Amino acid sequence: MASIHVNCQFCNEPDVVKWHCKSCDLNLCDECNTNIHTKSEKLSEHKVVLLQHGERTSIEDFENVIKVDLQEISCSKHTDKACVSYCLNCDKSLCSSCLIRPFQYEELNNVYEGKCLLLKDFKRKIDACYPFFEEQATKFRKIDDCEVKNQNEIKEKI
């Protein structure tokens, strides 16, 4: 069987590929497999196999990878970043940031927007109470001025 030398599809380092994910058809070095691919909960179900010493994935296994250069495709969410993988479940191209937690991005965004709405509501309530406290502060200043005046009158009498 003919073989080719392939680079890690995350870091693009040559001749360091030790892993192959059969589910997403990625070649991975030790570091990228450990730090990127296996960190995602959804990708933990993928079948990643250790390539035997000297084993290279065959040309037939990489026909689609050879035809498509993922780095020329942009990420579905971050159009300024290059695609490193394509998720069949989401039907989206993913950059390395999305690949780490691609399925939690929407949830995190919803939580963020919810918290922003709560903060805006809290600010509105504070702004609504502000005139009351300004009025009370004005009353206390008048009372304080009167007390200072009374104290000064008493000092002059003494």
Side-chain angles (χ1 to χ4, degrees), residues 6-14 16-50 61-62 64-157:
V6 291
N7 298 346
C8 173
Q9 290 179 273
F10 283 101
C11 65
N12 209 24
E13 288 293 319
V16 293
V17 172
K18 293 185 179 177
W19 300 93
H20 179 72
C21 177
K22 292 191 179 272
S23 303
C24 57
D25 200 24
L26 286 175
N27 293 314
L28 308 160
C29 65
D30 276 332
E31 190 172 331
C32 292
N33 182 46
T34 304
N35 296 330
I36 298 173
H37 192 266
T38 58
K39 294 276 185 187
S40 173
E41 294 172 23
K42 295 291 183 179
L43 297 178
S44 65
E45 298 171 4
H46 283 195
K47 183 175 181 179
V48 179
V49 295
L50 177 65
D61 290 340
F62 285 100
N64 292 331
V65 174
I66 292 169
K67 290 178 187 174
V68 177
D69 183 7
L70 292 176
Q71 292 183 352
E72 289 182 12
I73 300 171
S74 62
C75 173
S76 296
K77 289 193 184 298
H78 308 105
T79 55
D80 59 323
K81 293 186 179 183
C83 169
V84 293
S85 184
Y86 188 83
C87 181
L88 296 174
N89 294 338
C90 299
D91 195 29
K92 294 180 181 177
S93 56
L94 306 171
C95 65
S96 57
S97 298
C98 290
L99 192 59
I100 293 171
R101 298 272 185 222
F103 303 97
Q104 293 178 349
Y105 178 82
E106 294 296 329
E107 181 180 335
L108 184 60
N109 197 32
N110 291 339
V111 169
Y112 173 77
E113 288 176 4
K115 295 298 181 185
C116 283
L117 289 174
L118 286 174
L119 286 172
K120 286 178 184 178
D121 186 48
F122 188 60
K123 184 184 181 314
R124 184 188 53 76
K125 288 178 181 177
I126 289 172
D127 289 344
C129 293
Y130 188 75
F132 168 78
F133 288 108
E134 280 293 320
E135 183 182 314
Q136 295 303 314
T138 303
K139 286 181 184 177
F140 287 132
R141 280 189 213 103
K142 287 180 182 176
I143 293 170
D144 186 48
D145 288 344
C146 287
E147 290 299 317
V148 169
K149 183 179 176 184
N150 289 340
Q151 183 181 11
N152 286 339
E153 287 175 3
I154 293 172
K155 278 185 185 179
E156 284 184 24
K157 287 182 182 178

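What you see is a predicted model; the values in this text were computed from it and never measured.
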dist K115:NZ -> Y112:OH (nearest 0.5 Å) comes out at 13.0 Å

Taking the side chain as every heavy atom from C-beta outward, state whether D144 and R141 have any pair of such atoms under 4.5 Å apart. no

Can you give each donor-acceptor pair under 3.5 Å made by side-chain atoms of residues 117-130, sequence neighbours left out, with the distance rounded to 0.1 Å?
{"unit_1": "D121", "atom_1": "OD1", "unit_2": "R124", "atom_2": "NE", "d": "3.4"}
{"unit_1": "D121", "atom_1": "OD1", "unit_2": "R124", "atom_2": "NH2", "d": "2.5"}
{"unit_1": "K123", "atom_1": "NZ", "unit_2": "D127", "atom_2": "OD2", "d": "2.9"}
{"unit_1": "Y130", "atom_1": "OH", "unit_2": "E134", "atom_2": "OE2", "d": "2.9"}

Could I get the full list of salt bridge (charged side-chain N to carboxylate O under 4.0 Å, His left out) partners for K139, not counting sequence neighbours? E135

Taking all non-hydrogen atoms of both residues into account, name the closest pair between C95 and C75 and its distance. N-SG, 3.5 Å

